[in-house]
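Any value given below was found using the heavy atoms of this structure, including those in side chains, with hydrogens, waters and symmetry copies removed. Because the structure is predicted, anything quoted here is derived from the model rather than measured.
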Amino acid sequence: MIIWVVLGVAIIGGLGGYLAYLLYQIRTQKQEHNLKRKQAIATRQNNIAESVEVIAKATVHGQCDYSEAAIRITQLLMAYPEPLPRDWPKLYPGLFGLYKAIGHLPTHQERMELTKAKRREQDKFRFSKEQLFADLIDEELNQLSGFSATGVQR
C-alpha cells in the first residue's frame, strides 16, 4: 500500500515538475515574442519617420509639390504605429486639409485615362488648393524636416 502512495506521489510530482517546465517555456516564448514585436514596431517607426523626413525636405527644396507631399505624408502618419495614437490632423492641419481637399482626385493610371481638358481642370483645382494651404504647409514641412521615430523634432 505504501508503495502505491509513494508511486502516486512520484507520478504527481513528476507531472507537476513537467507542468512547471511547460509554464516556464510559455513565459519565455511570450517574452521573446514581445521583444520581437517591440523591435518590429521600432523598425517600422524609424522607416516611416525617415520617409516623412525625406519627403518634407524634398518638398521644402522644391523637389516635390505640396499635393504629393500631402498625400504621402498623411498616409505615412496615419500608418505610424504608436501605443497612444496622436491626432495627426490636429497637429498638421495644412497637410491634412490639403489631402482632404484633393484626396478624391484620381492618380496614376486613372489620371492618365482622363482627357487633357479634365486633367487641366483638376490641376487648376489642385493648384488653387495648394495655394490656399501653402503658408501653413511650409511651417509644417519645416517641423517635419526634423521628424524622428519618437514623432518629435530632432
Side-chain angles (χ1 to χ4, degrees), residues 1-114 122 126 129-130 133-154:
M1 177 78 167
I2 292 182
I3 293 177
W4 289 108
V5 171
V6 169
L7 186 62
V9 168
I11 290 173
I12 291 173
L15 289 174
Y18 185 61
L19 175 64
Y21 170 75
L22 291 175
L23 290 173
Y24 172 76
Q25 290 245 330
I26 290 172
R27 187 171 146 240
T28 304
Q29 283 180 342
K30 281 184 179 179
Q31 288 173 342
E32 288 174 5
H33 175 73
N34 286 338
L35 179 62
K36 286 180 182 178
R37 184 175 173 274
K38 287 178 183 177
Q39 288 172 339
I41 288 172
T43 300
R44 177 121 171 97
Q45 286 175 328
N46 287 332
N47 290 341
I48 289 174
E50 183 180 335
S51 295
V52 167
E53 184 178 15
V54 166
I55 294 166
K57 285 179 179 179
T59 308
V60 167
H61 296 330
Q63 298 169 338
C64 181
D65 63 22
Y66 290 142
S67 297
E68 185 171 352
I71 291 169
R72 292 177 185 271
I73 290 174
T74 56
Q75 295 306 301
L76 287 168
L77 291 176
M78 294 308 286
Y80 194 80
E82 290 191 271
L84 299 172
R86 297 181 192 184
D87 189 3
W88 296 112
K90 189 175 180 181
L91 290 172
Y92 303 105
L95 288 166
F96 280 86
L98 179 57
Y99 176 74
K100 187 175 181 179
I102 65 163
H104 68 282
L105 297 176
T107 60
H108 301 89
Q109 187 62 35
E110 291 177 14
R111 178 175 163 77
M112 297 306 267
E113 292 171 358
L114 297 175
Q122 288 183 354
R126 186 170 51 89
K129 294 302 179 185
E130 284 180 3
F133 290 100
D135 292 336
L136 190 53
I137 289 175
D138 283 336
E139 291 176 26
E140 294 170 2
L141 290 173
N142 285 326
Q143 292 173 5
L144 290 170
S145 292
F147 194 77
S148 70
T150 57
V152 296
Q153 275 188 296
R154 287 187 221 165

N/O donor-acceptor pair under 3.5 Å between Trp88 side chain and Leu77 backbone: yes
Under 3.5 Å: donor-acceptor pair, side chain of Glu53, backbone of Leu144: no
Is there side-chain contact between [X] and [Y], with heavy atoms separated by less than 4.5 Å?
| X | Y | value |
| --- | --- | --- |
| Leu76 | Ile55 | yes |
| Asn46 | Glu50 | no |
| Gln25 | Thr28 | no |
| Gln122 | Pro106 | yes |
| Tyr66 | Leu95 | no |
| Thr59 | Ile73 | no |
| Tyr92 | Glu139 | no |

[X] [atom1] to [Y] [atom2] distance, which is reported to the nearest 0.5 Å:
| X | Y | atom1 | atom2 | value |
| --- | --- | --- | --- | --- |
| Ile26 | Lys30 | CD1 | NZ | 7.0 Å |
| His33 | Gln29 | NE2 | CD | 10.5 Å |
| Glu110 | Leu105 | CD | CG | 11.0 Å |
| Glu68 | Glu130 | CD | CD | 10.5 Å |
| Leu23 | Tyr18 | CG | OH | 11.0 Å |
| Arg72 | Cys64 | CZ | SG | 7.0 Å |

If I compare all heavy atoms of [X] with all of [Y], which pair ends up nearest, and what's the gap?
| X | Y | answer |
| --- | --- | --- |
| Ser145 | Val60 | OG-CG2, 4.0 Å |
| Glu140 | Gly94 | OE2-N, 2.7 Å |
| Arg44 | Ala79 | NH2-CB, 3.6 Å |

How about [X]: does its [atom1] atom have over 12 heavy atoms from other parts shown lying under 6.0 Å from it?
| X | atom1 | value |
| --- | --- | --- |
| Leu19 | CG | yes |
| Asp135 | CG | no |
| His104 | NE2 | yes |

Should Arg86 and Glu82 count as an ion pair when the cut-off is N to O under 4.0 Å? yes
So Arg126 and Asp65, side-chain contact (heavy atoms from CB on, under 4.5 Å) or not? Walk me through it. CA-CA 11 Å; Arg126 186 170 51 89; Asp65 63 22; 3.3 Å; yes
What's the verdict on side-chain contact (heavy atoms from CB on, under 4.5 Å) for Gln31 and Leu35, showing C-alpha distance, side-chain angles and the deciding distance? CA-CA 6 Å; Gln31 288 173 342; Leu35 179 62; over 6 Å; no
